[in-house]
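Just below is one structure, and these are the notes that go with it.
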There are 2 protein chains.
Amino acid sequence: MLTLLEPPQAALRLHGSAGESLSGFQDYALMLSCARGEAVYHEADAAHHLYRVLSGMVRLCRHTADGHRRIAEFALPGDLFGALHGQRQDYTAEAVCNSRLVAYPRQHANGLAGHQLHMTGSAVHLLTTQQHGFAMASRSARVRMAAFLLRLAERSGAVETGHLDLAMERQDIADHLGLTLEAVYRTLHLLALARIILIGGPHRILLQNVEALCELAEGGATQ
Amino acid sequence: MLTLLEPPQAALRLHGSAGESLSGFQDYALMLSCARGEAVYHEADAAHHLYRVLSGMVRLCRHTADGHRRIAEFALPGDLFGALHGQRQDYTAEAVCNSRLVAYPRQHANGLAGHQLHMTGSAVHLLTTQQHGFAMASRSARVRMAAFLLRLAERSGAVETGHLDLAMERQDIADHLGLTLEAVYRTLHLLALARIILIGGPHRILLQNVEALCELAEGGATQ
DNA sequence: CGACATCTTGAGAGTTGTCAACCGGTGTGG
DNA sequence: CCACACCGGTTGACAACTCTCAAGATGTCG
């Protein structure tokens with residue numbers, strides 16, 4: 001069973017302690033650490049487990065035929081990820097930064113509070129996917145970036161504090177938003193010039209005008 | 001109960017016969033016709049029913065603050081639509097062309113085969129939303145159009161026959177793909193010049209090179 | 001200190017948005 | 001019956017935006 005948590009590509013270190021955040025799974029849950037850049041699993045791997053982020057961040061991505069990468073989602077602390085249905089994983093999961101995860105064997109998840117977990121996972125994923133899809137429907141880099149920052153801020157609780165921690169690299173953001181690396185820099189710079197955000201280093205964004213960010217994200221027209 | 005099926009905005013005509021395609025719901029299902037352009041329900045209406053398309057096509061859309069319209073999905077014959085959770089509808093549903101629908105009271109759907117229906121609906125919607133979102137991540141009009149045509153062809157069984165029926169207008173396609181009306185024309189024209197499709201009128205597309213369409217939709221890079 | 005990855009900015013080319021005009025069918029009223 | 005308005009479809013010209021390519025700045029780690 002433990003070997004399932006150690007795909008040959010990833011140097012995951014297992015911890016003895018059990019997960020503590022999901023009732024009913026303690027006996028089967030396994031905690032694991034994952035260093036920056038390490039893969040938790042790869043696309044088409046056997047989907048034996050569900051994962052929950054305890055700390056850090058995980059990116060769920062695919063690679064297209066022509067070598068481009070598309071990041072479907074960033075999983076934040078508290079988020080579940082891993083294929084709910086089917087035998088194989090849909091995405092590759094990689095740690096954006098040093099992260100701690102809990103792995104739940106899917107057989108037990110299905111057996112115990114399976115339905116609830118199913119529904120929760122599905123509903124959350126559906127909602128988040130819809131929001132992202134709507135943002136991507138706009139072709140403007142400003143709108144995409146605004147929607148991305150806003151959603152990340154809401155999910156990480158940064159709307160109140162105004163302090164947003166961008167754990168991922170610029171290239172990650174680019175692959176998530178369907179933009180180029182340069183467009184990400186320019187757009188962030190643009191938002192900073194407009195006094196909507198303040199860039200306090202590569203991984204620190206201060207939200208100065210959430211209102212304006214909302215307007216951009218929502219009302220954003222075509223281009 | 002019948003009044004629920006007749007929101008004041010839509011002149012829906014009810015039929016006496018019950019739906020015949022979903023076992024266990026015949027006693028509660030109501031069949032209804034909806035003329036081109038009519039609304040089945042509006043965003044934020046009370047979500048009392050689930051709907052299934054028997055014939056025709058329904059667009060699920062929202063209107064942004066600045067008056068733009070975004071079509072999240074086109075529901076084809078066999079597709080379910082309507083909010084699964086929550087008290088209110090997420091989208092406005094309008095008939096693209098004269099359509100026949102079946103309405104299932106959600107309370108009975110939840111009571112009887114509720115879980116299965118839930119899961120089916122969620123899973124289908126999630127899959128379809130993901131695919132669309134991935135296509136939208138590309139900024140190229142060609143890629144978006146190719147993915148749209150391909151997915152519509154797969155869902156309507158047009159891949160085999162090669163004959164695709166575009167019931168919706170060009171503006172509907174534009175609002176679905178996040179493009180302008182003119183871009184839709186140009187892109188279709190471009191695909192026609194490349195011998196990938198053949199335009200046999202506003203609502204008829206002949207698929208001439210599905211391979212090339214797949215390559216465009218999948219391998220499509222950023223621009 | 002040097003190598004390397006990441007971050008950042010600049011200049012030109014390409015694609016799409018914007019604006020405008022035209023075409024064809026349909027419905028309506030004189 | 002015909003003129004007209006109207007809607008959907010279609011195409012062209014220009015501007016704006018982003019991508020591409022390139023170079024430099026900053027920072028991290030050996």
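Chain letters run A, B, ... following the sequence lines, proteins first and then strands; every chain starts at 1.
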Kindly point out which of D:dT10, C:dT16, D:dC19 is positioned nearest to the side chain of B:A141?
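Closest nucleotide to the B:A141 side chain: C:dT16.
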
With the side chain of B:H189 defined as its heavy atoms from C-beta on, choose the nearest nucleotide among C:dC7, D:dT11, D:dT18.
D:dT11

For [X] and [N], what is the distance between atoms [atom1] and [atom2] respectively, to the nearest whole Å?
X	N	atom1	atom2	answer
B:M168	D:dG8	CE	P	15 Å
B:L179	D:dT18	CG	P	15 Å
A:E169	D:dT28	CD	C1'	13 Å
A:R142	C:dT16	CZ	C1'	15 Å
A:L181	C:dT8	CG	C1'	9 Å
A:L166	C:dC7	CG	P	10 Å
B:D66	C:dG17	CG	P	15 Å
B:Q171	C:dT18	CD	P	11 Å

State whether [X] places a side-chain N or O below 4.0 Å from either non-bridging phosphate oxygen (OP1 or OP2) of [N].
X	N	result
B:R139	D:dT18	no
A:T180	D:dT18	no
A:Y185	C:dC7	yes

Only residue of B:F81, B:Y104, B:Y91 satisfying ring pair (Phe, Tyr, Trp, His ring centres under 6.0 Å) with B:Y51 is B:F81

Can you name the closest pair of heavy atoms from A:G56 and A:P77 and give their distance?
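The answer is O-CD, 3.4 Å.
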
Considering all heavy atoms, the nearest A:L177-A:F148 contact:
CD2-CB, 3.7 Å

Just the table, please: protein N/O against nucleotides 20-27 of chain C N/O, every pair under 3.5 Å.
none

Assert: residue with more 5' nearest nucleotide on DNA chain C, out of A:L188 and B:V184, is A:L188

Give a yes or no on whether a salt bridge exists between [X] and [Y], defined as a side-chain N under 4.0 angstrom from a carboxylate O.
X	Y	result
A:R36	A:E169	yes
A:R70	A:D175	no
B:D45	B:R88	no

Using heavy-atom distances to pick each residue's nearest nucleotide on DNA chain D, tell me which of A:T187 and B:I199 is more 5'.
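Here B:I199 is the residue nearer the 5' end.
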
Give the ring-plane orientation class for B:H132 versus B:H176, where under 30° counts as parallel, over 60° as perpendicular and anything between as tilted.
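Ring orientation of B:H132 relative to B:H176: parallel.
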
Confirm from the modelled atom types if A:R186 and D:dT20 form a donor-acceptor pair under 3.5 Å, side chain to base only.
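Yes, the side chain and the base share a sub-3.5 Å donor-acceptor pair.
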
